[in-house]
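Reading through the structure tokens given below for one structure.
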Amino acid sequence: MTQNIQIYNTLSRTKQKFEPLNPPFVGMYVCGPTVYGDPHLGHARPAITFDLIFRYLLHLGYKVRYVRNITDVGHLENDADQGEDKIAKKARLQQLEPMEVAQYYTNRYHEAMRSLNVLPPSIEPKASGHIIEQIEMVHKIIHAGFAYIANGSVYFDVKKYNQSHQYGKLSGRILDDLYANTRQLDGQNEKQNPYDFALWKKAAPEHIMRWKAPWSIGFPGWHLECSAMSAKYLGTHFDIHGGGMDLLFPHHESEIAQSVAANHIDPCKYWVHNNMITINGQKMGKSLNNFINLDAFFTGKHPLLTQAYSAMTIRFFILQAHYRGTLDFSNEALQAAEKALKRLLTAHNTLLKVAPAQQTDAELQTFITTFTTKCYDAMNDDFNSPILIANLFDSTRYINLLNENKLTITQPDLQRFTTTFKNFMFQILGITNQTTTEDTQTTQGLMNLILSIRQQAKQNKDFATSDKIRLELQKLSITIKDTKEGPSWSLD
RNA sequence: GGUACUAUGGCCGAGUGGCUAGGCAGAGGUCUGCAAAACCUCCUACAGCGGUUCGAAUCCGCUUGGUACCUCCA
């Protein structure tokens, strides 16, 4: 916990020293999914980004309360849909109860997160379970004079708020510009100004998800749930608020306005935003037909994919880029990531087999003394996972040299080396080693038998047999390697 | 049009005012019955145009791409 973490704050557009409000406690809120469709690539990036931050803070010994919500209150698809929301629409199309839809896709989301080895958050509140808190917050905002009621709906008065506060300080927007660019929606609107946003919306007759409030039977505005739930579980002023860069405006901007209006304080100290994902250089969107569900990656069943990619490959690929940069998905890039990951995992298995010696070579000694520090430095610099991964790759060279007995290492140094490697690779980056069957006794016995038969064949120069064994095993995803110490095998 | 992010070698991707990130792919070599793996060596880029500087890919300005948001869409 003595680490000096620099964290990029969207609010200041600079890296700042991370100083929790109440150490060792850290409160972190991240906007979760709206559960009306299968989880896709767009869900993976923020989940993995904040999983990395969560894991690192935990590793350093912070007591982190990580809150990530589930949006199961439908919000309007667009004006033309006459008040029908996404979840309700799905429910109508599939003839299901809206909550059935929400639960189904919540489960799907959880399954995907588990595959990606994303740790569950400390609290995962649902918007539908916090209607009371949201109504209370609307009361507070009305009481503070920053909201008005129109025909059963309640709107946030952005113009008034902006007179005493700065609406746009997070996204860099200026209210006059917003006005100039949004006036085309004037007319039948209940809003006093086009940039006002709903806190509570009166439900149209066909709107299924509805709750009773003093103003009308209706549903909460979509910025409100995050403000209400973060305040409930993390307090009115907490450490980190995260989410995708696409949420910067209007969602997060409005969260600040609501919280300041209701609680008289900015909701959080650090705003952290992950950048977006593109596919083959194009934006990902349903209309462009390049919208890839996570399941499609795992099975390879999508026109844009030439093969299946494991969840760990996806995770590793995302971590190979810094979270604030855009990330482009392509088959070529994913295949590179797949091989790179395999190389690291192989190196780890090799490291576990290294036998200690009387002394550590000078070159290796130098490396080991700086290795741990360099890994921490990478993470401390705004969670720079690409640099961390580069450091791990630097270490593989030494691992392989140790394996070939070209270098030696003492037991304490080996212990240090292994601990650092494991901590950063598995605990912090959250990579898992999927080859579990490798260790079962039966498999091990069978493989020893097969390999001894193959060695016999090789000694008899019966290469037809030895090659056949290797080829057939390859079909079962088992790779044979002939090393100086004899044959070895691994499960791909 | 506005706001913001971004532009790096064949590909993916870090970083920095002068001291070659890393991975993948490619070339050569060692090893090997062959293969795979591993190791060694090679491939040295920073959108364009100006400016600041002893020196910029790194700072400043302009131009041109790309992306997101600006719609009661996480």
Side-chain angles (χ1 to χ4, degrees), chain A residues 10 13 30-36 42-43 46 69-71 75-81 83 85-86 153 155 168 170-174 176-178 180-182 184-185 189-191 194-199 201 219 221-223 225-226 243-251 253 273 275-278 281-284 316-317 320-322 324-330 332-341 343-344 346-347 350 378 381 384-394 396-397 399-401 403-404 406 458 461 463 466-467 470-471 474 479-484 488 490:
Chain A
T10 310
R13 312 273 170 195
V30 174
C31 296
T34 299
V35 281
Y36 72 105
H43 292 109
N69 68 302
I70 293 282
T71 299
H75 296 291
L76 301 181
E77 196 148 291
N78 58 51
D79 282 346
D81 275 342
D85 70 57
K86 288 176 180 176
S153 293
Y155 294 95
L170 181 67
S171 58
R173 280 171 166 77
I174 294 159
D176 290 342
D177 295 340
L178 287 174
N181 287 303
T182 50
Q184 68 272 17
L185 287 178
N189 212 300
E190 296 162 345
K191 293 192 282 189
Y195 38 70
D196 291 347
F197 54 89
L199 296 172
K201 186 78 180 167
F219 53 97
W222 69 282
H223 308 307
E225 58 175 280
C226 290
M245 219 170 250
D246 53 336
L247 297 177
L248 244 171
F249 188 90
H251 186 55
E253 194 70 65
H273 291 94
N275 214 319
M276 310 313 284
I277 279 168
T278 56
Q282 272 192 310
K283 83 166 189 180
M284 189 175 69
F316 186 72
F317 182 73
Q320 262 196 313
H322 186 76
R324 278 192 290 115
T326 53
L327 176 60
D328 189 55
F329 266 72
S330 64
E332 203 179 1
L334 279 168
Q335 282 157 16
E338 187 177 46
K339 287 185 186 175
L341 174 59
R343 195 166 161 223
L344 281 181
T346 304
T350 305
D381 185 13
N384 199 322
S385 53
I387 294 288
L388 171 58
I389 289 170
N391 288 331
L392 292 177
F393 272 111
D394 286 340
T396 62
R397 187 173 155 262
I399 293 172
N400 288 322
L401 287 172
N403 187 44
E404 292 178 9
K406 288 176 181 167
K458 280 178 67 175
K461 304 275 182 198
F463 297 122
S466 67
D467 284 352
R470 187 172 61 198
L471 204 68
Q474 188 63 67
T479 305
I480 303 292
K481 290 180 214 160
D482 289 321
T483 68
K484 285 200 182 77
S488 75
S490 65

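Keep in mind it's a predicted model, so treat the numbers as computed, not measured. In what follows, chains carry the letters A, B, and so on, assigned in the order in which the sequence lines appear, proteins first and then strands, with residues in each chain numbered from 1.
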Measure up the A/F197 and A/H223 rings against each other and bin them: parallel (under 30°), tilted (30 to 60°), perpendicular (over 60°). perpendicular

Reading RNA chain B from 5' onward, which residue's closest nucleotide shows up sooner: A/N275 or A/I480? A/N275

Taking the nucleotide of RNA chain B with the closest heavy atom to each, which residue, A/G172 or A/K461, is nearer the 5' end? A/G172

For the C1' atoms, the ones on B/G10 and on B/U67, what distance do you get once it is rounded to whole angstrom? 24 Å

On a heavy-atom basis, which atom in [X] and which in [Y] lie closest, and how many Å separate them?
X      : Y      : answer
A/K201 : A/E190 : NZ-OE1, 4.0 Å
A/A337 : A/F316 : O-CD2, 3.6 Å
A/L247 : A/C31  : CD1-CB, 3.7 Å
A/P386 : A/H322 : CG-N, 3.3 Å
A/A347 : A/I399 : O-CG2, 3.3 Å
A/N275 : A/G325 : CB-O, 3.1 Å

Using a heavy-atom cut-off of under 4.0 Å over every strand shown, decide if [X] touches base, sugar-phosphate, or nothing.
X      : answer
A/P46  : nothing
A/I389 : nothing
A/D467 : base
A/A390 : base
A/S466 : base

Quick one: does A/R470 reach the base of B/A35 with a side-chain donor-acceptor pair under 3.5 Å? yes

Any donor-acceptor pair, under 3.5 Å, between the side chain of A/R173 and the base of B/C69, if you only look at N and O atoms? yes

Any side-chain N or O of [X] below 4.0 angstrom from OP1/OP2 of [N]?
X      : N     : value
A/R343 : B/G23 : yes
A/K339 : B/A25 : yes
A/N400 : B/C39 : yes
A/K191 : B/C72 : yes

Report the distance from atom [atom1] of [X] to atom [atom2] of [N], rounded to the nearest whole Å.
X      : N     : atom1 : atom2 : value
A/E253 : B/C69 : CD    : P     : 16 Å
A/N403 : B/A36 : CG    : C1'   : 15 Å
A/L341 : B/G23 : CG    : P     : 14 Å
A/R397 : B/A37 : CZ    : C1'   : 17 Å
A/I277 : B/U6  : CD1   : P     : 17 Å
A/N391 : B/A21 : CG    : P     : 14 Å
A/F249 : B/C5  : CZ    : P     : 16 Å
A/H251 : B/C69 : NE2   : C1'   : 14 Å

Is the closest side-chain heavy-atom distance between A/L248 and A/L170 below 4.5 Å? yes

Side-chain contact test, heavy atoms from C-beta onward, threshold under 4.5 Å: evaluate it for A/W222 versus A/T71 and give yes or no. no

Of all the choices, B/C5, B/G33, B/C39, which nucleotide is nearest to the side chain of A/R13 once you look at every atom? B/C5

Should A/F393 be counted as stacked on B/G23, where stacking needs a ring-centre gap under 5.5 Å and an angle between planes under 30 degrees? no

Nucleotide by nucleotide, nucleotides 7-19 of chain B touches protein heavy atoms under 4.0 Å in the pattern (B base, S sugar-phosphate only, - none) ----SSSSS----

Dot-bracket encoding per residue of RNA chain B, Watson-Crick/G-U cut-off under 3.5 Å, | denoting interstrand: (((((((..(((.....[...))).(((((.......)))))....(((((..]....))))))))))))....

